[in-house]
Amino acid sequence: MIEPSDRTPLPRAFFDRPVLEVAPDLLGCTLIRRSDDGVMELRITEVEAYAGELDPGSHAFRGRTARNDVMFGPPGHAYVYFTYGMWHCLNAVCGPEGRASGVLLRAGEIVLGAEQARKRRVSARYDRELAKGPARLATALDVDRTLNGTDLCADAMSPLSLLPGTAPDPDQVRNGPRTGVGGDGAHHPWRFWIDGDPTVSAYRAHAPRRRTT
DNA sequence: AGGACGATTCTCT
DNA sequence: GAGAATCGTCCTT
(Lines give C-alpha, C1' and ligand atoms only; values in the text may rest on other atoms or scores of the structure.)
Protein backbone atom coordinates (compact mmCIF):
# COMPACT_ATOMS: atom_id res chain seq x y z
CA MET A 1 0.00 0.00 0.00
CA ILE A 2 1.36 3.37 -1.04
CA GLU A 3 1.60 5.99 1.68
CA PRO A 4 2.08 9.55 0.45
CA SER A 5 2.19 12.32 2.99
CA ASP A 6 -1.10 13.67 4.29
CA ARG A 7 -3.05 16.22 2.19
CA THR A 8 -1.32 15.05 -0.96
CA PRO A 9 -3.57 13.35 -3.51
CA LEU A 10 -3.15 9.65 -4.13
CA PRO A 11 -0.41 9.03 -6.71
CA ARG A 12 -1.22 7.79 -10.19
CA ALA A 13 0.43 4.46 -9.27
CA PHE A 14 -2.31 3.85 -6.69
CA PHE A 15 -4.88 3.60 -9.49
CA ASP A 16 -2.56 1.94 -11.99
CA ARG A 17 -3.22 -1.53 -10.53
CA PRO A 18 -5.86 -4.24 -11.02
CA VAL A 19 -9.25 -2.84 -10.04
CA LEU A 20 -9.86 -5.60 -7.47
CA GLU A 21 -6.81 -4.38 -5.57
CA VAL A 22 -7.67 -0.71 -5.82
CA ALA A 23 -11.32 -1.02 -4.78
CA PRO A 24 -10.81 -2.21 -1.17
CA ASP A 25 -7.85 0.14 -0.78
CA LEU A 26 -10.16 3.08 -1.45
CA LEU A 27 -12.16 2.33 1.71
CA GLY A 28 -11.30 4.97 4.29
CA CYS A 29 -9.79 7.27 1.66
CA THR A 30 -10.87 10.91 1.41
CA LEU A 31 -12.74 12.46 -1.50
CA ILE A 32 -12.33 16.25 -1.70
CA ARG A 33 -14.84 18.42 -3.54
CA ARG A 34 -13.97 22.08 -4.12
CA SER A 35 -16.32 24.65 -5.62
CA ASP A 36 -17.49 28.21 -5.11
CA ASP A 37 -19.66 26.67 -2.42
CA GLY A 38 -16.58 25.77 -0.36
CA VAL A 39 -14.66 22.60 0.45
CA MET A 40 -16.32 19.29 1.21
CA GLU A 41 -14.72 16.09 2.42
CA LEU A 42 -16.08 12.54 2.29
CA ARG A 43 -14.72 9.39 3.90
CA ILE A 44 -15.36 6.47 1.54
CA THR A 45 -17.17 3.53 3.15
CA GLU A 46 -18.53 1.50 0.21
CA VAL A 47 -17.35 0.86 -3.37
CA GLU A 48 -17.90 -1.50 -6.30
CA ALA A 49 -15.35 -2.74 -8.85
CA TYR A 50 -16.15 -2.85 -12.58
CA ALA A 51 -13.64 -4.86 -14.59
CA GLY A 52 -13.68 -3.35 -18.05
CA GLU A 53 -14.58 -5.05 -21.31
CA LEU A 54 -14.60 -8.55 -19.81
CA ASP A 55 -17.19 -7.63 -17.18
CA PRO A 56 -20.86 -7.93 -18.28
CA GLY A 57 -21.80 -5.49 -15.51
CA SER A 58 -19.46 -2.78 -16.78
CA HIS A 59 -20.38 0.11 -19.07
CA ALA A 60 -17.24 -0.84 -21.03
CA PHE A 61 -18.53 -4.36 -21.79
CA ARG A 62 -19.69 -3.46 -25.30
CA GLY A 63 -16.61 -1.47 -26.18
CA ARG A 64 -15.69 2.16 -26.32
CA THR A 65 -18.45 4.75 -26.83
CA ALA A 66 -18.82 8.48 -26.31
CA ARG A 67 -20.20 7.93 -22.82
CA ASN A 68 -17.54 5.54 -21.48
CA ASP A 69 -14.59 7.13 -23.30
CA VAL A 70 -12.93 8.25 -20.07
CA MET A 71 -12.83 4.65 -18.79
CA PHE A 72 -10.47 3.76 -21.63
CA GLY A 73 -8.10 6.59 -20.76
CA PRO A 74 -5.40 6.83 -18.09
CA PRO A 75 -6.12 5.71 -14.49
CA GLY A 76 -6.82 8.16 -11.70
CA HIS A 77 -9.50 10.11 -13.56
CA ALA A 78 -13.19 10.56 -12.76
CA TYR A 79 -15.79 8.76 -14.85
CA VAL A 80 -19.17 10.40 -14.18
CA TYR A 81 -22.28 9.00 -15.82
CA PHE A 82 -25.96 9.95 -15.82
CA THR A 83 -28.55 7.27 -15.12
CA TYR A 84 -32.25 6.60 -14.51
CA GLY A 85 -33.08 9.97 -16.06
CA MET A 86 -32.17 11.85 -12.90
CA TRP A 87 -28.94 10.84 -11.22
CA HIS A 88 -25.20 10.97 -11.54
CA CYS A 89 -22.66 8.43 -10.29
CA LEU A 90 -18.91 8.86 -9.76
CA ASN A 91 -16.18 6.33 -10.54
CA ALA A 92 -12.40 6.34 -10.36
CA VAL A 93 -10.75 4.86 -13.48
CA CYS A 94 -8.31 2.07 -12.55
CA GLY A 95 -5.82 -0.35 -14.00
CA PRO A 96 -3.41 0.16 -16.88
CA GLU A 97 -4.63 2.60 -19.53
CA GLY A 98 -7.00 0.88 -21.94
CA ARG A 99 -8.24 -1.67 -19.39
CA ALA A 100 -11.41 0.39 -18.97
CA SER A 101 -11.97 -0.67 -15.39
CA GLY A 102 -13.20 1.53 -12.59
CA VAL A 103 -14.43 1.77 -9.02
CA LEU A 104 -17.92 3.13 -8.35
CA LEU A 105 -17.97 5.24 -5.18
CA ARG A 106 -21.18 4.02 -3.55
CA ALA A 107 -21.30 5.60 -0.12
CA GLY A 108 -19.40 7.60 2.43
CA GLU A 109 -19.44 9.79 5.50
CA ILE A 110 -19.54 13.55 5.01
CA VAL A 111 -16.67 14.71 7.20
CA LEU A 112 -16.75 18.34 6.09
CA GLY A 113 -19.53 20.30 4.39
CA ALA A 114 -22.64 18.61 5.80
CA GLU A 115 -24.49 21.94 5.62
CA GLN A 116 -23.96 22.24 1.86
CA ALA A 117 -24.88 18.58 1.43
CA ARG A 118 -28.16 19.01 3.30
CA LYS A 119 -29.23 21.77 0.89
CA ARG A 120 -29.01 19.28 -1.98
CA ARG A 121 -30.25 16.27 -0.01
CA VAL A 122 -33.36 17.66 1.64
CA SER A 123 -34.98 14.26 2.04
CA ALA A 124 -32.13 12.86 4.17
CA ARG A 125 -33.44 12.48 7.71
CA TYR A 126 -30.03 11.86 9.24
CA ASP A 127 -26.57 13.02 8.23
CA ARG A 128 -25.54 9.38 7.78
CA GLU A 129 -27.98 9.25 4.82
CA LEU A 130 -26.47 12.23 2.98
CA ALA A 131 -24.17 10.05 0.85
CA LYS A 132 -25.73 6.61 1.42
CA GLY A 133 -25.89 5.33 -2.18
CA PRO A 134 -23.95 6.27 -5.33
CA ALA A 135 -26.39 8.86 -6.70
CA ARG A 136 -26.90 10.33 -3.24
CA LEU A 137 -23.13 10.64 -2.89
CA ALA A 138 -22.88 12.48 -6.22
CA THR A 139 -25.84 14.71 -5.34
CA ALA A 140 -24.47 15.55 -1.90
CA LEU A 141 -21.12 16.58 -3.38
CA ASP A 142 -22.65 18.35 -6.41
CA VAL A 143 -20.97 16.03 -8.89
CA ASP A 144 -22.27 15.96 -12.45
CA ARG A 145 -20.96 15.31 -15.94
CA THR A 146 -19.09 18.59 -16.05
CA LEU A 147 -16.57 16.78 -13.81
CA ASN A 148 -16.28 13.77 -16.13
CA GLY A 149 -12.58 13.21 -16.87
CA THR A 150 -11.29 15.22 -13.89
CA ASP A 151 -7.82 14.15 -12.77
CA LEU A 152 -8.26 12.82 -9.26
CA CYS A 153 -4.48 12.89 -8.68
CA ALA A 154 -4.11 16.59 -9.47
CA ASP A 155 -3.16 19.02 -6.74
CA ALA A 156 -5.50 19.67 -3.88
CA MET A 157 -6.99 22.77 -5.54
CA SER A 158 -8.72 20.58 -8.12
CA PRO A 159 -12.57 20.51 -8.04
CA LEU A 160 -12.36 16.80 -7.29
CA SER A 161 -9.47 14.83 -5.82
CA LEU A 162 -8.80 11.66 -3.88
CA LEU A 163 -6.54 11.64 -0.84
CA PRO A 164 -5.39 8.90 1.49
CA GLY A 165 -7.28 8.49 4.73
CA THR A 166 -7.31 6.12 7.66
CA ALA A 167 -7.53 2.58 6.33
CA PRO A 168 -10.13 0.46 8.13
CA ASP A 169 -9.02 -2.52 10.19
CA PRO A 170 -8.68 -5.44 7.72
CA ASP A 171 -11.22 -7.37 9.80
CA GLN A 172 -13.79 -4.66 9.02
CA VAL A 173 -13.51 -4.93 5.24
CA ARG A 174 -16.32 -7.05 3.79
CA ASN A 175 -17.24 -7.95 0.23
CA GLY A 176 -20.34 -9.32 -1.49
CA PRO A 177 -22.41 -9.20 -4.68
CA ARG A 178 -22.72 -5.92 -6.50
CA THR A 179 -25.93 -3.95 -6.06
CA GLY A 180 -28.21 -3.45 -9.05
CA VAL A 181 -26.16 -5.62 -11.41
CA GLY A 182 -28.05 -8.44 -13.12
CA GLY A 183 -27.30 -11.11 -15.71
CA ASP A 184 -23.90 -12.73 -16.01
CA GLY A 185 -22.20 -10.06 -13.95
CA ALA A 186 -24.40 -10.54 -10.91
CA HIS A 187 -22.49 -13.16 -8.99
CA HIS A 188 -19.13 -11.41 -8.72
CA PRO A 189 -18.55 -10.40 -5.07
CA TRP A 190 -17.04 -7.10 -6.12
CA ARG A 191 -18.79 -4.78 -3.71
CA PHE A 192 -16.59 -3.78 -0.79
CA TRP A 193 -17.67 -1.98 2.37
CA ILE A 194 -16.65 -1.17 5.93
CA ASP A 195 -18.62 -3.53 8.15
CA GLY A 196 -20.96 -1.88 10.61
CA ASP A 197 -20.53 1.61 9.21
CA PRO A 198 -23.90 3.44 9.35
CA THR A 199 -23.32 5.19 6.01
CA VAL A 200 -23.14 1.95 3.98
CA SER A 201 -26.15 1.63 1.64
CA ALA A 202 -28.71 -1.15 1.93
CA TYR A 203 -28.21 -4.01 -0.53
CA ARG A 204 -30.78 -4.08 -3.32
CA ALA A 205 -30.92 -6.90 -5.81
CA HIS A 206 -31.11 -6.06 -9.51
CA ALA A 207 -34.75 -5.36 -10.44
CA PRO A 208 -35.67 -5.79 -14.12
CA ARG A 209 -37.99 -3.04 -15.26
CA ARG A 210 -41.52 -4.03 -16.17
CA ARG A 211 -43.61 -2.76 -19.02
CA THR A 212 -45.02 0.73 -18.54
CA THR A 213 -47.71 0.54 -21.28
C1' DA B 1 -36.27 -1.99 8.32
C1' DG B 2 -37.85 -3.22 4.16
C1' DG B 3 -41.07 -4.00 -0.05
C1' DA B 4 -43.68 -1.86 -4.09
C1' DC B 5 -43.73 1.43 -7.46
C1' DG B 6 -43.32 5.68 -10.25
C1' DA B 7 -40.14 9.29 -11.85
C1' DT B 8 -37.40 11.03 -15.86
C1' DT B 9 -33.90 11.26 -19.91
C1' DC B 10 -29.80 9.54 -21.80
C1' DT B 11 -27.52 5.84 -24.46
C1' DC B 12 -27.20 2.41 -27.57
C1' DT B 13 -29.68 -1.07 -30.65
C1' DG C 1 -37.78 1.88 -28.38
C1' DA C 2 -35.97 -0.59 -24.46
C1' DG C 3 -33.51 -0.50 -20.45
C1' DA C 4 -30.55 1.76 -17.16
C1' DA C 5 -24.05 0.54 -11.84
C1' DT C 6 -31.09 4.63 -8.48
C1' DC C 7 -33.91 7.18 -5.41
C1' DG C 8 -38.00 9.14 -2.87
C1' DT C 9 -42.55 8.30 -1.31
C1' DC C 10 -45.88 5.55 0.59
C1' DC C 11 -47.03 1.66 2.95
C1' DT C 12 -46.62 -2.29 6.44
C1' DT C 13 -44.18 -4.45 10.29
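As the structure is a prediction and not an experimental result, all values here were calculated from the model. Each chain gets a letter, A, B and so on, in the order the sequences are listed, and its residues count up from 1. Note that these values count all heavy atoms, side chains included, but never hydrogens, waters or copies made by symmetry.
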Name every donor-acceptor pair, under 3.5 Å, that has one atom in a side chain of residues 109-116 of chain A and the other anywhere in the protein, sequence neighbours excluded.
from	atom 1	to	atom 2	distance (Å)
A/E109	OE1	A/R43	NH1	2.9
A/Q116	NE2	A/D37	O	3.2

Tell me every residue that passes salt bridge (charged side-chain N to carboxylate O under 4.0 Å, His left out) with [X], counting only those two or more places apart in sequence or in another chain.
X	value
A/E41	A/R7
A/D55	A/R178
A/R128	none

| Worked verdict on A/S101 versus A/V93 for side chain to side chain contact (heavy atoms under 4.5 Å, CB included) | CA-CA 6 Å; A/S101 60; A/V93 176; over 6 Å; no
Could you give the [atom1]-to-[atom2] distance, from [X] to [N], as a whole number of Å?
X	N	atom1	atom2	result
A/R178	C/dT6	CZ	P	11 Å
A/H88	B/dT8	NE2	P	15 Å
A/N148	C/dA5	CG	P	15 Å
A/D144	B/dT9	CG	C1'	15 Å
A/R120	C/dT6	CZ	C1'	19 Å
A/E53	C/dA5	CD	C1'	17 Å

Look up atom [atom1] in [X] and atom [atom2] in [Y], then write down how far apart they are to the nearest 0.5 Å.
X	Y	atom1	atom2	value
A/L152	A/L31	CG	CG	7.5 Å
A/M71	A/R99	CE	CZ	12.0 Å
A/D25	A/L20	CG	CG	11.0 Å

| said: Using a 3.5 Å limit for the pairing distances, which stems of at least 3 consecutive Watson-Crick or G-U wobble pairs does DNA chain C take part in? | reply: B:1-7 with C:6-12, B:9-12 with C:1-4
Just the atom pairs and distances: protein N or O near nucleotides 7-10 of chain C's N or O, under 3.5 Å.
from	atom 1	to	atom 2	distance (Å)
C/dC7	OP1	A/P134	N	3.2
C/dC7	OP1	A/A135	N	3.2
C/dC7	OP1	A/R136	N	3.4
C/dG8	OP1	A/R121	NH1	2.3
C/dG8	OP1	A/S123	OG	3.3
C/dG8	OP2	A/R136	NE	2.6
C/dG8	OP2	A/R136	NH2	2.7

Could you go over nucleotides 11-13 of chain C and give all protein N or O partners under 3.5 Å, atom names and distances?
none

| said: Between A/C89 and A/V80, is there a side-chain heavy-atom distance shorter than 4.5 Å? | reply: no
| field | Hydrophobic cluster (4.5 angstrom, side-chain heavy atoms) - remaining members for A/V200 | value | A/W193
| message | Can a donor-acceptor pair be found, under 3.5 Å and without considering hydrogens, that links the side chain of A/E129 to the backbone of A/R125? | response | yes
So which protein N/O to nucleotides 10-13 of chain B N/O distances come out below 3.5 Å?
from	atom 1	to	atom 2	distance (Å)
B/dC12	OP1	A/T65	OG1	2.2

| request: Assess A/R17 against A/F15: is NZ or CZ under 6.0 Å from the centre of the six-membered ring, and within 45 degrees of the ring's axis? | output: no
| query | Between A/Y79 and A/Y81, what is the ring plane arrangement, given parallel below 30°, perpendicular above 60°, and tilted in between? | reply | tilted
| task | Mark yes or no for a side-chain to base donor-acceptor pair under 3.5 Å between A/Y81 and C/dA5, with no hydrogen or angle criteria applied. | result | yes
| request: Identify whether a stacking contact exists between A/Y84 and B/dA7, where the ring centres must be under 5.5 Å apart and the planes under 30° apart. | output: no
| Looking only at heavy atoms, what is the nearest atom pair of A/E48 and A/Y50, with distance? | OE1-OH, 2.6 Å
| field | Pairing residues for A/F61 by the ring pair (Phe, Tyr, Trp, His ring centres under 6.0 Å) criterion, not counting sequence neighbours | value | none
| task | For DNA chain C, determine which residues of residues 89-104 of chain A have any heavy atom closer than 4.0 angstrom to one of its atoms, and list them numerically. | result | A/N91, A/L104
| message | Taking side-chain hydrogen bond (donor to acceptor under 3.5 Å, both in side chains) as the cut-off, I'd like each qualifying pair that reaches into residues 141-152 of chain A, sequence neighbours left out, listed once. | response | A/R12-A/D151, A/D144-A/T146
